[in-house]
Every structure is written in structure tokens, then in C-alpha cells.
Amino acid sequence: MKKGLLIILIAIMVIVTVGLWYSNITKPTEPTDIAMIGIIVLIVGFALFMAYTRIKSAKAGLKHEDELSKKIMQKTASISFYVSLYWWLFLGYYSDKIELESHTIIGIGIAGMAVLFAGFWFYFNYRGRFND
Amino acid sequence: MTNRIKELRARYMLTQEDLAKKVGVRRETIVFLEKGKYNPSLKLAYDVSKALNSKIDEVFLFEE
């Protein structure tokens with residue numbers, strides 16, 4: 001329960017920070033800015049979903065973590081790391097061809113890693129099949 | 001590996017949630033076990049069997 005509330009608190013802080021950043025932008029909003037905000041909203045949404053499931057489990061008197069959830073997290077983390085390497089290689093290759101600032105490329109890289117992680121987590125959590 | 005968790009759960013009139021609470025795991029773990037999508041560790045297999053008042057080889061059926 002405490003961890004769920006902590007996740008919600010961090011998500012709120014991220015939303016407030018992004019809101020403050022966006023309100024201080026003086027230059028016109030570019031499509032990349034909107035894309036970054038959209039990805040941040042997705043990531044925060046994922047975190048809030050995780051917090052909700054934690055709190056729901058705690059209220060039902062059920063455990064939130066067990067051997068299967070830890071196995072899913074380990075598999076998600078390892079596959080995400082492996083795929084992220086190729087993601088950064090792809091970004092590195094196309095950063096010469098696309099005119100983007102370095103901090104934008106870094107932001108895209110990090111956002112991509114977060115999306116990969118969330119995507120793989122959903123895939124493994126709902127697919128199962130850990131009979132390797 | 002197949003199992004008789006659903007059959008034994010029905011015999012003792014336990015829901016998936018009841019069994020998950022007894023064993024100390026998430027309800028989703030019981031769902032995956034029943035569907036055969038997850039092979040449990042020895043400890044989990046033992047805990048599930050104990051919760052269903054059965055022996056491990058009566059709950060989990062190994063096929064060669």
C-alpha cells in the first residue's frame with residue numbers, strides 16, 4: 001500500500017514538473033514537444049496503473065508480489081535492456097541524418113526505453129508462458 | 001505439466017482469490033497455474049498442494 005502511494009506521489013510530481021516546464025516554454029510548441037508530452041503522459045499513466053493494482057491488491061488482502069511477478073519483472077528488464085541497445089544504435093545512426101538537438105535525441109532515447117519496458121511488461125504479464 | 005487445481009478448488013469450494021490468499025500469491029498466479037501457462041517452483045507447488053489438502057503429485061501431473 002505504501003509503495004502504491006509513493007508511486008502516485010512520484011507520478012504527480014512528474015506531471016507537475018512537466019506542467020511547469022511546458023508553461024515556461026517561450027518558443028512555439030513543436031510536434032516533438034507534443035510527442036514528448038504524450039509519451040510522458042503514457043509513462044505516468046502506466047505508473048498510476050501499477051499503483052492502482054498495488055492498492056487494490058493490498059485492500060483485498062492479497063499479495064502484490066510473488067515469484068511469478070518477480071519472474072515477469074526480471075524477464076521484462078532483461079529483454080528491454082537488450083532491445084534498448086538496438087534502439088540507441090538506431091538513434092545514433094539516424095541522428096546524423098535528422099536535424100535534432102542532442103537533448104531531444106536523449107529524451108527520445110529515454111522515452112523509447114520506457115515505452116519498450118511498459119510494452120514488454122504488458123506482453124509478459126498477460127501472455128504468461130514461463131515454462132522455459 | 002498439467003494440473004488439477006481447478007478441479008480440487010471446486011471440490012473445496014474455493015475461489016481463485018481464496019486459494020491465492022491461502023497460498024500467499026496473487027490471484028493472477030493461480031490463473032496462470034490453472035491454464036498451464038506457468039510451472040511453479042517446488043515451494044509454490046508444495047504450498048498449493050497443502051492449501052488443497054492434497055499431495056503434490058495429486059495436484060500436478062507430470063507427462064513424459
Side-chain angles (χ1 to χ4, degrees), chain A residues 1-8 10-11 42-43 45-83 114-132, chain B:
Chain A
M1 183 98 161
K2 282 182 190 174
K3 219 168 180 179
L5 293 171
L6 182 64
I7 292 169
I8 290 172
I10 292 169
L42 276 172
I43 293 167
F46 176 70
L48 288 172
F49 171 74
M50 295 286 277
Y52 167 73
T53 56
R54 270 185 182 271
I55 292 169
K56 190 179 161 191
S57 297
K59 281 187 176 177
L62 290 167
K63 277 182 100 176
H64 178 75
E65 267 183 351
D66 58 9
E67 66 173 53
L68 179 58
S69 68
K70 284 175 188 170
K71 212 168 183 177
I72 289 169
M73 195 54 82
Q74 281 170 355
K75 192 146 185 152
T76 301
S78 64
I79 297 276
S80 299
F81 174 74
Y82 183 70
V83 175
V115 168
L116 280 170
F117 185 89
F120 280 121
W121 184 86
F122 273 111
Y123 175 72
F124 288 123
N125 203 42
Y126 291 102
R127 172 180 169 259
R129 297 251 179 253
F130 288 93
N131 295 333
D132 299 333
Chain B
M1 184 172 70
T2 57
N3 62 73
R4 297 172 55 221
I5 295 174
K6 195 171 183 177
E7 175 196 328
L8 291 167
R9 192 168 53 77
R11 184 186 295 180
Y12 293 105
M13 290 185 288
L14 292 170
T15 62
Q16 288 173 336
E17 201 169 301
D18 294 334
L19 182 58
K21 273 186 191 172
K22 272 186 101 174
V23 175
V25 295
R26 302 176 310 145
R27 190 186 69 85
E28 289 80 9
T29 302
I30 302 297
V31 171
F32 276 5
L33 283 172
E34 286 185 0
K35 286 183 178 176
K37 285 186 174 184
Y38 177 56
N39 283 343
S41 65
L42 182 58
K43 187 181 182 312
L44 179 57
Y46 173 77
D47 289 340
V48 169
S49 305
K50 194 175 167 187
L52 294 170
N53 298 318
S54 305
K55 295 180 185 175
I56 291 181
D57 54 356
E58 289 172 354
V59 179
F60 297 95
L61 309 168
F62 293 88
E63 293 164 6
E64 297 202 26

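Proteins come first, then strands; the chains are lettered A, B, ... in the order of their sequence lines, and each starts at number 1.
Heavy-atom contacts from other residues, nucleotides or ligands closer than 6.0 Å to OH of Tyr46(B) number 12 or fewer. Summarising the local packing, CZ of Phe122(A) is surrounded by more than 12 heavy atoms from other residues, nucleotides or ligands at distances under 6.0 Å.
Contact check for Leu68(A) versus Glu28(B): no side-chain heavy atoms found under the 4.5 Å cut-off.
Nearest heavy atom pair, residue Leu44(B) against residue Glu67(A), reads CD2-OE2, 3.4 Å.
How far CD1 of Ile30(B) is from CG of Asp66(A): 8.5 Å, rounded to the nearest 0.5 Å.
For residues 6-25 of chain B, a heavy-atom distance under 4.5 Å to chain A picks out Glu17(B), Ala20(B), Lys21(B), Gly24(B), Val25(B), given by residue number.
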